[in-house]
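Working notes, structure below.
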Amino acid sequence: MEEPLIRDIPTIKKNLELVRGMKSLKAMMPVLKPALRLLGLNVEGVSDALSQVPELERMAEELAAVPDRFNHLFAERGWIIYDMMNVEIAKAAIAKADAGDIDGAEADLVDYYNAETVEWNLQTMYGVRAFHPRMPLAQKALTDYSEGRYHACVPVVLALLDGMVSELHEKRRGFFAEEVDLQAWDSIAAHSKGLNVLVSIFQKGRKTTRVEPIFLPYRHGIIHGMDLGYDNKVVAAKTWAALFATRDWALKAERGMLNAPPEEPQKSWAEIFREHGQRIRENAEDRARLEAWTCRDIRVGEDVPTTGGPDAFTADTPERRLIEYLNYWRSRNYGGMAQCLPATQRNPISKAAGQVRSVYGSRSLERFELQEIDDQAAAVTEIKVRVWYHEGGQVLQLDNTFRLINEDTQGNPVARGKPNSSWTIYTWGIS
């Protein structure tokens with residue numbers, strides 16, 4: 001019996017089947033046009049969409065092949081592909097390895113995990129509630145990583161990875177526990193060729209003291225002082241990569257989605273046509289918004305007020321959302337503050353409100369002033385704020401940077417201006 005392929009998971013398989021269906025539809029269009037008009041469809045629009053089928057088929061097949069090929073080449077070296085990994089980086093590594101330079105490909109992967117990439121991926125870990133209390137230590141590990149102190153970074157990240165998995169695993173088994181199974185339905189990373197391969201490598205027994213450099217994060221050898229040569233960027237990068245890959249499994253574990261859901265009823269061709277036509281239009285609109293986006297040059301105190309209520313700021317802007325958040329803090333409305341968090345962090349809202357209260361409950365906001373608004377990307381803005389608040393009988397002053405991300409209703413980052421999107425506060429704590 002052949003081993004299952006990542007390309008056969010439902011998400012990838014559905015995309016391939018959709019493109020193949022479009023290919024068949026394109027061939028049948030001359031016959032179907034009258035019937036489509038009766039259904040009220042824009043036949044010209046459908047024909048324009050179908051003209052893209054050859055390119056869509058090529059792209060779909062190429063993307064479907066990447067996960068299996070990447071893991072085949074690199075899993076034994078401690079790398080697996082995951083949802084948030086840059087696909088172009090993975091494709092480039094595959095091409096270099098296929099050309100005979102797999103060591104060079106691995107060096108490129110290590111370089112990919114620079115401090116900026118690790119920081120960005122670490123922000124995505126806020127989507128995992130079980131990682132929230134672990135974030136302060138992760139940030140310290142990132143500082144060590146940025147400054148080349150790999151000896152300090154690696155054990156901390158390994159411990160955070162182990163603890164997060166243990167908290168979420170139904171049998172309370174950590175990443176490095178015996179017989180732990182980190183598979184999940186419809187997941188690229190949590191596939192049998194993904195996380196479980198890393199587990200089998202990282203948890204190998206290491207009972208002999210070694211001083212020579214190692215290039216895989218053997219947890220037992222590192223934590224128990226047997227592998228003394230782990231102090232290098234290769235081991236550190238692979239440790240971070242494993243944490244970010246495990247995010248895919250952790251999200252599904254928290255949402256109760258490790259197993260396949262009941263099968264949905266088959267959709268009619270008319271429904272498929274409508275949905276796909278809408279998806280193509282939305283994708284085109286998204287591309288147009290991304291291409292049209294430019295960074296705003298905002299002078300605080302001139303273009304926007306330094307403080308005030310929400311009505312003093314333009315609707316649907318990141319600064320308006322942050323002002324709402326800060327005014328909720330001033331009125332001790334922790335539920336309102338929780339509503340400003342990303343979708344993945346505010347479900348259920350009662351728990352999110354409790355987490356916000358645990359951070360802000362002992363601090364009473366007196367006033368605030370915006371310092372700087374920095375549009376970093378089409379969906380990302382960072383805002384620096386100076387706040388004055390009461391705590392422990394004192395009035396304290398703090399400069400804090402909030403990172404805001406524009407999300408759609410499913411919690412996916414989208415370019416500002418997309419209908420039914422809203423700004424959320426990703427880094428919502430203060431320190």
Side-chain angles (χ1 to χ4, degrees), residues 78 82 84 110 113-169 172-177 180 182 189 195 198-199 202-203 216-225 227 230-251 253-254 341-342 344-345 351-352 354-363 382 398-403 425-431:
Y82 53 95
M84 301 297 287
V110 174
Y113 286 95
N114 55 34
E116 291 74 22
T117 297
V118 171
E119 182 176 17
W120 184 86
N121 275 278
L122 200 53
Q123 293 297 321
T124 71
M125 295 299 296
Y126 276 107
V128 181
R129 290 194 298 273
F131 201 76
H132 290 185
R134 295 171 170 84
M135 189 61 76
L137 274 176
Q139 294 287 357
K140 292 178 180 179
L142 173 57
T143 299
D144 287 329
Y145 184 74
S146 302
E147 297 178 3
R149 293 189 293 273
Y150 308 123
H151 68 284
C153 161
V154 170
V156 171
V157 179
L158 289 175
L160 298 178
L161 170 59
D162 199 32
M164 179 184 72
V165 171
S166 179
E167 181 173 331
L168 296 175
H169 197 279
R172 305 294 291 181
R173 287 176 176 161
F175 189 93
F176 304 101
V180 66
L182 298 184
L195 288 175
L198 291 189
V199 168
F202 291 7
Q203 68 176 205
L216 281 164
Y218 297 115
R219 183 264 182 191
H220 299 309
I222 294 169
I223 298 299
H224 296 297
D227 278 311
Y230 73 89
D231 180 18
N232 59 73
K233 188 176 181 180
V234 177
V235 171
K238 290 179 181 180
T239 306
W240 283 117
L243 173 66
F244 302 143
T246 309
R247 171 185 178 273
D248 298 356
W249 176 88
L251 286 172
E254 286 191 334
L341 306 188
T344 55
Q345 298 184 38
K351 184 173 181 178
Q355 291 173 332
V356 172
R357 181 191 292 270
S358 69
V359 174
Y360 288 90
S362 64
R363 298 161 171 168
E382 287 195 347
L398 174 69
D399 289 340
N400 198 71
T401 298
F402 292 91
R403 185 177 181 87
I425 302 175
Y426 235 72
T427 52
W428 54 267
I430 57 173
S431 57

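The analysis underlying the following values was restricted to heavy atoms, covering all of them including side chains, and did not include hydrogens, waters or symmetry mates.
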Going through the checks in order, is the side chain to side chain contact (heavy atoms under 4.5 Å, CB included) test met by F244 and W120? CA-CA 10 Å; F244 302 143; W120 184 86; over 6 Å; no

Considering the options T239, V235, L243, which one meets the side chain to side chain contact (heavy atoms under 4.5 Å, CB included) requirement together with L158?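 So, applying the side chain to side chain contact (heavy atoms under 4.5 Å, CB included) to L158 and each of T239, V235, L243, only T239 qualifies.
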
For the residue pair W249 and H169, does the interplanar ring angle fall in the parallel (under 30°), tilted (30 to 60°) or perpendicular (over 60°) class? parallel

Holding to side chain to side chain contact (heavy atoms under 4.5 Å, CB included), I want the full list of residues that pass it with S358, two or more places apart in sequence or in another chain.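 S358 satisfies side chain to side chain contact (heavy atoms under 4.5 Å, CB included) with no other residue.
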
Side chain to side chain contact (heavy atoms under 4.5 Å, CB included) involving L251 - partner list, sequence neighbours excluded: V128, R247, R255

Looking at [X] and [Y], what are the two nearest heavy atoms and their distance?
| X | Y | answer |
| --- | --- | --- |
| F202 | P217 | CZ-CG, 3.5 Å |
| V156 | A141 | CG1-CB, 4.0 Å |
| V359 | G429 | CG1-CA, 4.4 Å |
| T344 | G127 | OG1-CA, 3.4 Å |
| P155 | I222 | CG-CG2, 4.3 Å |
| D248 | A189 | OD2-CB, 3.3 Å |

For residues 127-141, which residue pairs pass the side chain to side chain donor-acceptor pair (under 3.5 Å) check, not counting sequence neighbours?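 As it turns out, the side chain to side chain donor-acceptor pair (under 3.5 Å) pairs with a partner in residues 127-141, which skip direct neighbours, are R134-E167.
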
Any chance you could lay out the side chain to side chain contact (heavy atoms under 4.5 Å, CB included) test for W240 and L122, step after step, and finish with the verdict? CA-CA 9 Å; W240 283 117; L122 200 53; 4.1 Å; yes

Do the side chains of [Y] and [X] get nearer than 4.5 Å, heavy atoms only?
| X | Y | answer |
| --- | --- | --- |
| L341 | V356 | yes |
| Q355 | Q345 | no |
| F176 | V165 | no |
| Y126 | T427 | yes |

Going by side chain to side chain donor-acceptor pair (under 3.5 Å), name the residues that satisfy it together with N114, two or more places apart in sequence or in a different chain. T117

By side chain to side chain donor-acceptor pair (under 3.5 Å) - contacts of E254 (at least two apart): none

Is the backbone N or O of H220 less than 3.5 Å from a side-chain atom of Q203, with the two atoms forming a donor-acceptor pair by type? no

Who pairs with Y150 by ring pair (Phe, Tyr, Trp, His ring centres under 6.0 Å), at least two apart in sequence or on another chain?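 Once residues adjacent in sequence are excluded, the partners of Y150 under the ring pair (Phe, Tyr, Trp, His ring centres under 6.0 Å) criterion are Y145.
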
Stepwise, does the side chain to side chain contact (heavy atoms under 4.5 Å, CB included) test hold for R149 with T143? CA-CA 8 Å; R149 293 189 293 273; T143 299; 4.0 Å; yes

Could you state the interatomic distance from CD (E147) to CG (L142), rounded to the nearest 0.5 Å? 9.5 Å

